[in-house]
Trainee: 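The structure under discussion is supplied below as structure tokens; questions concerning it will follow.
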Amino acid sequence: MSKPVLKISNVNKSFGGLQALRDINLEIEKGKVHAIIGPNGAGKSTLLNVCVGLLKPDSGSVTFNGGINVIGKSPHEINQMGLARVFQTPEIFPDLSLLENVMIPAFSKRDGAFHLQLFRSLASETKITQEAKEVLASVGMEAKADEIAGSLSRGDKRRLELAMCLIQHPDLLLLDEPTAGMARHDTNKTIELLKKIKEGGMTKIIIEHDMHVVFSVADTISVLAQGAIIATGTPDEIRGNPIVQEAYLGGAEL
């Protein structure tokens with residue numbers, strides 16, 4: 001078995017008297033979709049924030065791509081290493097076009113930084129422009145390339161942010177509630193998009209409350225409750241786990 005893309009070992013994190021993460025141990029297998037589910041307040045987003053450098057754990061380690069410890073590194077450094085994240089609230093440039101939004105992270109990935117005063121130079125970046133158009137096409141938004149991003153629906157903003165991650169060619173993509181607030185139509189479109197990305201072999205961690213989404217795309221599911229992992233398994237194993245049913249839905253079946 002190959003080394004995991006991401007290995008989380010004995011991670012603990014407290015905020016004052018509240019222990020948000022309790023001795024977390026997880027291994028994320030290359031090319032797989034690993035979903036993390038659990039009730040509100042279970043520690044899911046805290047765990048992702050530790051992985052991307054927004055929070056420093058009280059103890060434990062997070063290693064990426066064969067043993068590189070990300071603890072203590074800045075979010076930008078971790079992103080440059082090949083770990084990209086789609087947040088709960090879309091983080092886009094609302095006054096720029098979709099094409100420009102997708103070009104900026106590609107520019108930053110290549111050069112290590114991006115300054116808005118250099119924005120005009122993007123027009124001469126033929127290779128990045130073409131790739132950005134191709135990425136927008138891959139998420140079904142090529143027809144909106146010249147539209148202003150702030151005018152998009154919530155579902156389209158999420159897809160735009162996903163395109164902004166995909167153009168970076170990350171080794172691991174973290175998606176924090178990618179369908180939150182979406183209507184069912186947009187959710188179904190996002191499921192199909194996630195399946196398409198899965199076919200390309202990209203490794204992903206997904207935090208999601210919608211079980212329809214989770215069971216549609218996940219290879220492995222881990223369940224967090226009160227900051228601790230109470231189960232990890234295949235979708236069928238998690239669906240039939242009575243401990244998970246009790247912790248997550250008060251005994252009802254998933």
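Just the heavy atoms: all of them, side chains too, but no hydrogens, waters or symmetry mates, feed the values below.
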Trainee: Within the distance-only criterion (no hydrogens, no angle test), does the side chain of D176 pair as donor or acceptor with the backbone N or O of I207 below 3.5 angstrom?
Mentor: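 Answer holds: no.
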Trainee: Using a strict 4.0 Å threshold on nitrogen-to-oxygen distance, state whether R154 and D186 make a salt bridge.
Mentor: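 Salt bridge flag = no for D186 with R154.
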Trainee: Can you find a pair of side-chain heavy atoms, one from I167 and one from P105, that are under 4.5 Å apart?
Mentor: yes
Trainee: Keeping the roles fixed (side chain from N25, backbone from D23), state whether a donor-acceptor pair exists under 3.5 Å.
Mentor: yes
Trainee: Kindly say whether S138 contributes a backbone atom to a donor-acceptor pair with the side chain of K196 at under 3.5 angstrom?
Mentor: yes
Trainee: Determine, using the 4.5 Å side-chain heavy-atom cutoff (strictly less than), whether L96 and L162 are members of one ILVMFWY cluster.
Mentor: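 Same hydrophobic cluster.
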Trainee: Strictly distance-based, threshold 3.5 Å: is any side-chain N or O of K44 a donor or acceptor partner for the main-chain N or O of G38?
Mentor: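 Checking the backbone N and O of G38 against the side chain of K44, a donor-acceptor pair under 3.5 Å is found.
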Trainee: Starting from the C-alpha separation in whole Å, work towards a yes-or-no answer on side-chain contact (heavy atoms from CB on, under 4.5 Å) for E29 and H34.
Mentor: CA-CA 8 Å; E29 187 178 349; H34 195 125; over 6 Å; no
Trainee: Taking the side chain as C-beta and beyond, is there a heavy-atom pair between D236 and R239 under 4.5 Å?
Mentor: yes
Trainee: Taking the side chain as everything from C-beta on, heavy atoms only, tell me whether L26 gets closer than 4.5 Å to I36.
Mentor: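 Sidechains of I36 and L26: in contact.
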Trainee: Distance-only, no hydrogens or angles: does the S153 side chain make a donor-acceptor pair with backbone N or O of D156 under 3.5 Å?
Mentor: yes
Trainee: Tell me the closest heavy-atom pair linking V11 and S61, and the distance in Å.
Mentor: CG2-O, 3.6 Å
Trainee: For K198, give me all partners under salt bridge (charged side-chain N to carboxylate O under 4.0 Å, His left out), at least two apart in sequence or on another chain.
Mentor: D219
Trainee: Taking the side chain as every heavy atom from C-beta outward, state whether L6 and L83 have any pair of such atoms under 4.5 Å apart.
Mentor: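 Of all side-chain heavy-atom pairs linking L83 with L6, at least one is under 4.5 Å.
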Trainee: Measuring from E131:CD to H169:NE2, what's the distance to the nearest 0.5 Å?
Mentor: 3.5 Å
Trainee: Measure across L99 and T129 and return the closest heavy-atom pair with its distance rounded to 0.1 Å.
Mentor: CD1-O, 4.0 Å
Trainee: Can you name the closest pair of heavy atoms from T179 and D210 and give their distance?
Mentor: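 What the structure gives for the nearest pair is OG1-CB, 4.2 Å.
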Trainee: I148 and M141: same hydrophobic cluster, using ILVMFWY side-chain contacts below 4.5 Å?
Mentor: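 Shared cluster, no.
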Trainee: If you look at every heavy atom in A218 and P235, which pair is closest and at what distance?
Mentor: O-CG, 3.4 Å
Trainee: Just do the side-chain contact (heavy atoms from CB on, under 4.5 Å) check on D171 and T203 with the steps written out, would you?
Mentor: CA-CA 7 Å; D171 295 315; T203 310; over 6 Å; no
Trainee: Is it true that a side-chain atom of D58 and a backbone atom of S14 form a donor plus acceptor pair closer than 3.5 Å?
Mentor: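 Present.
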Trainee: Closest heavy-atom contact between M164 and Q168?
Mentor: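 Smallest heavy-atom distance, with atoms named: O-NE2, 3.0 Å.
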Trainee: I78 vs F64, test: side-chain contact (heavy atoms from CB on, under 4.5 Å). Steps then yes/no.
Mentor: CA-CA 9 Å; I78 294 171; F64 181 57; 5.9 Å; no
Trainee: Closest approach of I24 and G227, non-hydrogen atoms and distance?
Mentor: CD1-O, 3.3 Å
Trainee: Under the side-chain contact (heavy atoms from CB on, under 4.5 Å) rule, what do I71 and V50 come out as? Steps first, then yes or no, please.
Mentor: CA-CA 8 Å; I71 302 301; V50 167; 4.2 Å; yes
Trainee: Working to the nearest 0.5 Å, report the span between CG of N65 and NZ of K7.
Mentor: 14.5 Å
Trainee: Would you give the length of the straight line joining atom CG of L21 to atom CG of L55, rounded to the nearest 0.5 angstrom?
Mentor: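 Going from the CG atom of L21 to the CG atom of L55 covers 8.5 Å.
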Trainee: Atom NZ of K73 and atom CD1 of I68: how far apart are they, to the nearest 0.5 Å?
Mentor: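 Spacing of NZ (K73) from CD1 (I68) equals 7.5 Å.
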Trainee: Do M182 and M211 sit in the same hydrophobic cluster, where Ile, Leu, Val, Met, Phe, Trp and Tyr count as joined when their side-chain heavy atoms come under 4.5 Å apart?
Mentor: no
Trainee: Should L152 and I104 be regarded as members of a common hydrophobic cluster, given that ILVMFWY residues are connected when their side-chain heavy atoms come within less than 4.5 Å of each other, either directly or indirectly?
Mentor: yes
Trainee: Is the closest side-chain heavy-atom distance between E208 and L175 below 4.5 Å?
Mentor: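 No. Closest side-chain heavy atoms not under 4.5 Å.
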Trainee: Do the side chains of K13 and N49 get nearer than 4.5 Å, heavy atoms only?
Mentor: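 No, their side chains stay 4.5 Å or more apart.
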Trainee: Just wondering, do L48 and R85 contact through their side chains at under 4.5 Å, heavy atoms?
Mentor: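 They are in contact (side-chain heavy atoms under 4.5 Å apart), so the answer is yes.
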Trainee: Can you confirm whether more than 12 heavy atoms, excluding those of Q226, are under 6.0 Å from its CD atom?
Mentor: no
Trainee: Kindly determine whether S59 and N12 satisfy side chain to side chain donor-acceptor pair (under 3.5 Å), including the steps that lead there.
Mentor: CA-CA 5 Å; S59 60; N12 291 275; 3.2 Å; yes
Trainee: Can you tell me how far NZ of K204 sits from CG of L174, rounded to the nearest 0.5 angstrom?
Mentor: 11.5 Å
Trainee: Quick one: pull up NZ in K144 and CD in E142 and give me the separation to the nearest 0.5 Å.
Mentor: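 Answer rounded to 0.5 Å: 10.5 Å.
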Trainee: Quick check: do V214 and I206 have side-chain heavy atoms less than 4.5 Å from each other?
Mentor: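 They are not in contact (no side-chain heavy atoms under 4.5 Å apart), so the answer is no.
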